[in-house]
Amino acid sequence: MHKYTLKLSNGKTVQILAKSGGDAIKKAVKAYGCQPDEILVIAVQKIEVYRPK
């Protein structure tokens, strides 16, 4: 997983966990109701996710 820091056109900065950049933008569009071209990716950080078996 990766943590994407996205800046929306309204000035809001959000962090979203996603597998890819496209997935992060889809989640932001769905959650915040903006258009994909109104989103700027600021930073990407790899997150290690451990799930107990």
Side-chain angles (χ1 to χ4, degrees):
M1 289 291 249
H2 292 83
K3 179 171 68 171
Y4 289 85
T5 304
L6 308 174
K7 183 164 182 142
L8 307 180
S9 63
N10 63 5
K12 189 174 201 173
T13 302
V14 297
Q15 293 182 338
I16 295 178
L17 283 177
K19 293 181 183 179
S20 68
D23 190 32
I25 290 174
K26 283 184 205 174
K27 287 181 178 183
V29 167
K30 186 173 183 181
Y32 298 100
C34 54
Q35 297 299 317
D37 59 346
E38 298 174 331
I39 300 171
L40 176 67
V41 177
I42 297 175
V44 181
Q45 179 182 7
K46 184 171 182 165
I47 303 293
E48 295 293 332
V49 179
Y50 297 101
R51 292 193 176 108
K53 294 183 178 181

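- Scanning all heavy atoms of the two residues, the minimum distance from S20 to Y4 falls at C-OH, 3.2 Å.
- In this structure, CD on Q15 lies 9.5 Å from CD1 on I42, to the nearest 0.5 angstrom.
- Residue L8 holds its CG atom at 7.5 Å from OG1 of T13, rounded to the nearest 0.5 Å.
- Judged by distance alone, with hydrogens and angles left aside, the side-chain atoms of K27 form a donor-acceptor pair with the main-chain N or O of L17 at under 3.5 Å.
- Residue I16 holds its CD1 atom at 12.0 Å from NZ of K3, rounded to the nearest 0.5 Å.
- Heavy-atom minimum distance, C34 versus A28: SG-O, 4.1 Å.
- A 4.5 Å side-chain heavy-atom check between K19 and M1 finds at least one atom pair inside the cut-off.
- V14 is connected to V41 through a chain of hydrophobic side-chain contacts under 4.5 Å among Ile, Leu, Val, Met, Phe, Trp and Tyr, so both are in one cluster.
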